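Before any comments, here is the structure.
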Amino acid sequence: MQRVTLKDKTFVPYITSDKILASVKVMAQKINADLTDDMPLFLVVLNGSFMFAADLLKEVTIPCEICFIKLASYHGTSSTGTVTEMIGLTDEIKGRTVVVVEDIVDTGITLEKLVTLLTKKEVKQIKVASFLLKPDAYTKTLKIDYVGMEIPNDFVVGYGLDYDGLGRNMKDIFVLDKNVDSK
Ligand code: IMP
Ligand code: MG
């Protein structure tokens, strides 16, 4: 694996595709065992999760449905400030087991907002599957049920994750080369 440059930053190889896929397989096996009779609805959070979701769901063998959503933030007119909205949810989710599929949980702010929105829709239970988790950055208490890998608080790209829109298509994960980019 070569280092890559995306715009003004250089990234070095971090997690190979083989390791990623092995870890995704283990996640899927846990989900298969836990949710066998739940007919879960996988809620894939775009854009970042597209690659992880495809690999994960190829290994999920239990009956399930899959829906793709996007989160949009806008400033509401009330004093509450930023409002987050879920776009693309077409399935009826009341009373269902929902598995949120995320590429990465960093501070957990995004995830908490999504879970709040889902709770309002009276789902039966919410499970969270995130390929990456940065435990040192995580500020929330919500349990992440399925985690592929825990990583330090460093910026990574590839496997769906982007730097300024670039790098999502890389099948391996790269980390910012701090020796080159100190800015
Ligand atoms: P949060 O801080 O948990 O709300 O993370 C919000 C979003 O930031 C994630 O869904 C990613 O899109 C993005 N993000 C967080 N850490 C990284 C990273 O290391 N590389 C690329 N995107 C990231
Ligand atoms: Mg994301």
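All residue numbers in this chain count up from 1 along the given sequence. Counting starts at 1 for both ligands and their atoms, following the listed order. Everything quoted here is computed from the prediction, not taken from an experiment.
Listed by number with element, the atoms of ligand 1 under 4.0 Å from a non-hydrogen atom of Thr107 are 1 (P), 2 (O), 3 (O), 4 (O). Applying the 4.0 Å criterion to heavy atoms of Asp162 picks out, from ligand 1, the atoms 21 (C). Atoms of ligand 1 lying under 4.0 Å from at least one heavy atom of Thr110, given by number and element, are 1 (P), 4 (O), 5 (O), 6 (C). Taking a cut-off of under 4.0 Å to the non-hydrogen atoms of Leu161, the atoms of ligand 1 that pass are 21 (C), 22 (N).
Residue Ile104 places a heavy atom less than 4.0 Å from ligand 1.
An N or O contact shorter than 3.5 Å links Gly108 to ligand 1 by distance. At least one N or O atom of Val156, backbone or side chain, sits closer than 3.5 Å to an N or O atom of ligand 1.
Side-chain contact annotation: Tyr159 with Asn169, donor-acceptor N/O pair under 3.5 Å absent. For the 3.5 Å distance criterion, the side chains of Gln125 and Asp38 qualify, holding a donor opposite an acceptor.
Between Lys178 and Asp154 there is a salt bridge, since a side-chain N of the basic residue sits under 4.0 Å from a carboxylate O of the acidic one.
Across all non-hydrogen atoms, the minimal contact from Ala129 to Phe52 is O-CE2, 3.9 Å. Of all heavy-atom pairs between Val45 and Val100, the closest is CG2-CG1, 4.0 Å.
Between the side chain of Arg96 and the backbone N or O of Met39 there is at least one donor-acceptor pair closer than 3.5 Å.
Using a 4.0 Å cut-off between heavy atoms, Asp154 contacts ligand 1 through its backbone alone, with no side-chain atom that close. At a heavy-atom distance under 4.0 Å, only side-chain atoms of Asp103, from C-beta outward, approach ligand 1.
Ring geometry for Phe11 versus Tyr163: interplanar angle of 30 to 60°, hence tilted.
For atom 16 (N) of ligand 1, the choice among Glu112, Arg168, Lys134 with the nearest heavy atom turns out to be Lys134.
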